[in-house]
Protein chains: 2
Amino acid sequence: MDDSEHICADSTCLGDRVRHLPSEDSIYSMCRIFNALQCTTRLKILFLLLQGDLCVKAIEDALGLTQSAISHSLKNLRQLDLVRVRKEGRFAVYYIADQHVELLMSMCREHVEEVK
Amino acid sequence: MDDSEHICADSTCLGDRVRHLPSEDSIYSMCRIFNALQCTTRLKILFLLLQGDLCVKAIEDALGLTQSAISHSLKNLRQLDLVRVRKEGRFAVYYIADQHVELLMSMCREHVEEVK
DNA sequence: TAAACATATGAACATATGTTCATATATCAA
DNA sequence: TTGATATATGAACATATGTTCATATGTTTA
């Protein structure tokens, strides 16, 4: 990779930059995360849960979507460790996994609401 | 929407929560953003640009992808105001639009590299 | 002006994904 | 145990999306 070919601002150390990229594994994992967040249903679920833990039925009623759609969405979010579950009797109570998720959402929200 | 139906932790004010959700417009815009970030190619482009501005050819060489693929990806990122362009002679120099983008990426990176 | 270079973009195809439908499992109430 | 409630999940279909191919536009050099 010969950097000198590019008469282009700040491109003098292209090789270094490539080496500083996140690992393939990290890139892939991040894509999976963003992929989960790219769906209105899952995004709404997360914004609901940011306000406090909820069982599946409550999410269903809040968003007016079918039980199956919600459950599939929650499975996706769960598998990526964006949300977690605890059982309370016959209820499955979902909650936001950690603070990164919260910050991810607020960064994005600020971006779109500011640009708007 | 009758909250009292749900014998579920912290679901006493479901209606309020729904009202506190971001607007449909915001949700949709956020989905578009996350959708852009859900692709390895665009994610790599952004991580490259986080290290400094680059022209299209440089990105192409750095990632070893076709000119067309890179250009389509850049168009997507551009339309969402995640990156911006300035013309320098015959080169189109791309750069990260603002700090929200930077924070979005680092939040996600921390999440996956920590969980790992 | 002609040739080479840098970038953009529409069409098309193959793959990925969200929702619905049907059904399964588990818990609680009677 | 029976019925009702809460949740999970596989299959299938319709839609969305990334890449490639072909081609167009604009800029620089000779």
Side-chain angles (χ1 to χ4, degrees), chain A residues 2-9 11 14 27-28 31-46 49 53-80 83-95, chain B residues 2-9 11 14 27-28 31-46 49 53-80 83-95:
Chain A
D2 182 4
D3 306 344
S4 61
E5 283 176 9
H6 309 293
I7 318 160
C8 176
S11 71
L14 202 52
I27 290 282
Y28 180 73
C31 284
R32 299 291 303 164
I33 301 281
F34 286 128
N35 175 67
L37 302 178
Q38 145 256 38
C39 155
T40 56
T41 299
R42 288 189 294 257
L43 216 46
K44 287 178 186 174
I45 291 176
L46 289 175
L49 294 181
D53 310 356
L54 285 176
C55 68
V56 181
K57 188 63 167 60
I59 299 172
E60 202 184 316
D61 289 351
L63 301 184
L65 297 171
T66 69
Q67 183 272 318
S68 186
I70 299 288
S71 190
H72 278 297
S73 292
L74 286 170
K75 181 180 186 179
N76 184 332
L77 295 171
R78 215 172 50 217
Q79 288 175 327
L80 296 168
V83 303
R84 292 177 188 155
V85 212
R86 64 171 180 273
K87 280 294 251 174
E88 287 191 8
R90 55 178 159 167
F91 297 96
V93 179
Y94 281 81
Y95 57 98
Chain B
D2 183 4
D3 307 346
S4 60
E5 284 176 9
H6 309 293
I7 320 158
C8 177
S11 70
L14 203 51
I27 290 283
Y28 179 74
C31 284
R32 301 289 305 163
I33 302 280
F34 286 128
N35 176 67
L37 302 178
Q38 144 254 40
C39 153
T40 55
T41 298
R42 288 189 293 257
L43 215 46
K44 287 178 186 174
I45 291 176
L46 289 175
L49 294 181
D53 309 357
L54 284 175
C55 67
V56 180
K57 188 65 167 63
I59 299 173
E60 202 183 318
D61 289 352
L63 300 184
L65 297 171
T66 69
Q67 184 271 320
S68 187
I70 299 288
S71 188
H72 278 297
S73 292
L74 286 170
K75 182 181 186 178
N76 184 332
L77 295 171
R78 214 172 51 217
Q79 288 176 328
L80 295 168
V83 303
R84 292 176 187 155
V85 211
R86 63 171 180 274
K87 281 293 252 173
E88 288 190 8
R90 56 178 158 169
F91 296 96
V93 180
Y94 280 82
Y95 57 98

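Reminder, nothing fancy here: chain letters follow the sequence lines and each chain counts from 1. Here the structure is a predicted model, which is why all the values come from computation and not from measurement.
Contact of the B:R32 side chain with the B:Y28 side chain is registered, since non-hydrogen atoms from C-beta on lie closer than 4.5 Å.
Interatomic distance, B:S71 OG to B:N76 CG, rounded to the nearest 0.5 Å: 11.5 Å. If you take SG on B:C55 and CZ on B:R86, they are separated by 10.5 Å, rounding to the nearest 0.5 Å. Expressed to the nearest 0.5 Å, how far CG of B:L74 lies from OH of B:Y94 amounts to 4.5 Å.
Distance CD (B:E88) to P (D:dT28): 12 Å, rounded to an integer number of Å. Remark: C1' of D:dT5 and NZ of A:K87 are 11 Å apart, rounded to the nearest angstrom. Summarising the geometry, the separation between CG on A:L80 and C1' on C:dT17 is reported as 14 Å, rounded to the nearest angstrom. Atom pair A:I70:CD1 and C:dC21:P shows a separation of 15 Å (rounding to whole Å applied). Following rounding to the nearest Å, A:K44 (NZ) and C:dG18 (C1') show an atom-to-atom distance of 14 Å. The separation between B:E60 atom CD and C:dC5 atom P is 13 Å, rounded to whole Å. Protein atom CZ of B:R90 is 7 Å distant from nucleotide atom C1' of D:dT27, rounded to whole Å. Distance A:I33 CD1 to C:dT17 C1': 17 Å, rounded to the nearest Å.
Closest approach of A:R78 to A:V85, counting heavy atoms only: CD-CG2, 3.3 Å. Residue B:A58 comes nearest to A:L14 through the heavy atom pair O-CD2, 3.5 Å, listed as atom of the first residue, atom of the second, then distance.
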List the steps and the verdict of side-chain contact (heavy atoms from CB on, under 4.5 Å) for B:S68 and B:H72. CA-CA 6 Å; B:S68 187; B:H72 278 297; 3.5 Å; yes

Exercise for review: For the pair B:R42 and B:L46, evaluate side-chain contact (heavy atoms from CB on, under 4.5 Å) and give the outcome as yes or no after the intermediate values.
Suggested key: CA-CA 6 Å; B:R42 288 189 293 257; B:L46 289 175; 5.5 Å; no

The contact string for nucleotides 8-16 of chain C, one letter per nucleotide 5' to 3', using protein heavy atoms under 4.0 Å with B, S and - for base, sugar-phosphate only and none, comes out as BBBB-----

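Distance from the side chain of A:N76 is smallest for C:dG18 among the nucleotides C:dC5, C:dT27, C:dG18.
Just one of B:L37, B:I33, B:N35 meets the side-chain contact (heavy atoms from CB on, under 4.5 Å) condition when paired with B:L80; it is B:I33.
If one axis is set at each end of the helix from C:dT1-D:dA30 to C:dA30-D:dT1 from five pairs, those axes are 30° apart, to 10°.
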